[in-house]
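In what follows, a single structure is set out as structure tokens and then discussed.
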There are 2 protein chains.
Amino acid sequence: MLDDIPSLNQLLKILQQIPYLASKNVYKVADHFLHMDPAKIQQFCSVLMQANEAVVPCENCFCLKEQDRVCLFCVSKKRDHSLICIVETWQEVFAIEKTNGYLGVYHVLGGVICPLDGIGPEDLTIQQLLMRIDNGIKEVILATNQTPEGEATAAYIAVQLRKKQVEVSCLARGLPVGSLLGTMDRLTVYKALSERRRF
Amino acid sequence: MLDDIPSLNQLLKILQQIPYLASKNVYKVADHFLHMDPAKIQQFCSVLMQANEAVVPCENCFCLKEQDRVCLFCVSKKRDHSLICIVETWQEVFAIEKTNGYLGVYHVLGGVICPLDGIGPEDLTIQQLLMRIDNGIKEVILATNQTPEGEATAAYIAVQLRKKQVEVSCLARGLPVGSLLGTMDRLTVYKALSERRRF
């Protein structure tokens, strides 16, 4: 029956391409757009196109920045430019910034090493990172995700950093704040035990 | 930090308005649009605007149709125009059409009676339904959802239909195909028992 409503058919097809939108919800999202005010649709589209054009990665730290502005991390005088936190994508930068507890700078890798997907170290910004390290960096925090690929990428970078005069650290593993010991998985409990600290 | 990247800020805000997109996924969807080819973004936007303009409800059954075409249900000669299935939205029409097992026509209510949301019978297409019934309808299938509002709406329509010479039915309740008796909720098992049929 969709062949008889080609505009709807096309709408459903492009919505299906949006990642993280559950296929069972595609009809409901289509309904949302069908009932949207035409002026709102126009605004939605212009915001999409503006962001696609104007948001670019910084040439130094590879965080996102506005095309015609400087990177707010790289030029900030309030930040400690000798402390660098290495993350996979800009989304983790936001997660760390939300804590209001980090005043160093960042380096966005742009992904993780994943031979199965054909992504090697040369596809990430590791070379640029090593060049930055030479410019007075004292400590590197490895903050890749705890996936096999994330941990392998951190290990690879740690090996590269051995030759440099720089301290290498990683995020603490343990019980999340507010968690109940009895409900946590055994690996987390094991980490919390083996990496226990003085009270 | 988002104030320094206004284009990204605006993108995140409009994506947050899309229903059924989990807020934890908004950053990932934003990343998808940031990395999209500009030509693809253009195409995405034109499809959205085209659908918003060209997809309209049929004036008779209120299913969706292309503005410049006839409704494929209302004009179909293969369909039984004396059998009408009443659903809440066009999305349920699609669910039923997928079965390839229904050859009657539809009537889309456009929602359910919900006094808490200020939606009364006059806000739905019930009046138009009653007018259609007078034109040779033999059977009405009430296929609203099994929510309190859906069942109340079905009950309301059933009362309205009492005065008409028309058979009123509803969808069968029971065990879903392939389900395990031991894992089903007790209300479904009760329905399956009390509405059991001859083997």
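Residue numbers start from 1 in every chain, and the chains themselves are labelled A, B, ... in the order their sequence lines are given, proteins ahead of strands.
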**Item:** Within one Ile-Leu-Val-Met-Phe-Trp-Tyr cluster: B:Val29 and B:Phe44, side-chain cutoff 4.5 Å
**Value:** yes
**Item:** Shared hydrophobic cluster, A:Leu129 / A:Phe73 (ILVMFWY, side-chain heavy atoms < 4.5 Å)
**Value:** no
**Fill in**
Between A:Leu21 and B:Tyr20, the two heavy atoms sitting closest are CD1-O, 3.9 Å
**Request:** Measure the spacing between NZ of A:Lys65 and CG of B:Leu8 and express it to the nearest 0.5 Å.
**Result:** 13.0 Å
**Prompt:** Would one find more than 12 heavy atoms of other residues, nucleotides or ligands at under 6.0 Å from atom CD of B:Gln165?
**Reply:** no
**Asked** chain A: which of B:Asp37, B:Val70, B:Asp31 shares the most heavy-atom pairs with it under 4.5 Å?
**Response** B:Asp31
**Asked** Can you tell me if CD on A:Glu149 sees more than 12 non-hydrogen neighbours from other groups inside 6.0 Å?
**Response** yes
**Message:** Using a 3.5 Å distance criterion without hydrogens, assess whether the side chain of B:Glu66 forms a donor-acceptor pair with backbone atoms of A:Ser7.
**Reply:** yes
**Asked** Are B:Val168 and B:Leu130 co-members of a hydrophobic cluster defined by side-chain heavy atoms under 4.5 Å apart?
**Response** yes
**Request:** Compare all side-chain heavy atoms of A:Phe33 with those of B:Ile18 and state whether any distance is below 4.5 angstrom.
**Result:** yes
**Asked** In terms of heavy-atom contacts, does CD of B:Gln127 have more than 12 from other residues, nucleotides or ligands at under 6.0 Å?
**Response** no
**Message:** If I measure from the heavy atoms of chain A, does B:Gln67 come under 4.5 Å with its side chain, its backbone, both, or neither?
**Reply:** neither
**Fill in**
Distance col, row B:Ile14:CD1 vs A:Cys45:SG, nearest 0.5 angstrom, shows 8.0 Å
**Message:** Taking the side chain as everything from C-beta on, heavy atoms only, tell me whether A:Gln10 gets closer than 4.5 Å to B:Ser46.
**Reply:** no
**Prompt:** Side-chain heavy atoms under 4.5 angstrom apart, residues restricted to Ile, Leu, Val, Met, Phe, Trp, Tyr: same cluster for A:Leu11 and A:Tyr27?
**Reply:** yes
**Item:** Structural part of A:Leu72 lying under 4.5 Å from a heavy atom of chain B
**Value:** side chain
**Item:** Contact listing (chain A partner; residues 77-114 of chain B; heavy atom under 4.5 Å)
**Value:** B:Trp90, B:Gln91, B:Val93, B:Phe94, B:Glu97, B:Lys98
**Asked** Counting only heavy atoms not in A:Lys164, do more than 12 sit closer than 6.0 Å to its NZ atom?
**Response** yes
**Asked** Do B:Ile141 and B:Leu124 belong together in a cluster built from hydrophobic side chains that touch within less than 4.5 Å?
**Response** no
**Request:** Determine the option with the most heavy-atom pairs under 4.5 angstrom with chain B, choosing from A:Asp4, A:Val26, A:Leu15, A:Leu64.
**Result:** A:Asp4
**Request:** Select all residues of residues 48-61 of chain A having any heavy atom within less than 4.5 Å of some heavy atom of chain B, and report them by number, or 'none'.
**Result:** A:Leu48, A:Met49, A:Gln50, A:Ala51, A:Asn52, A:Ala54, A:Val55
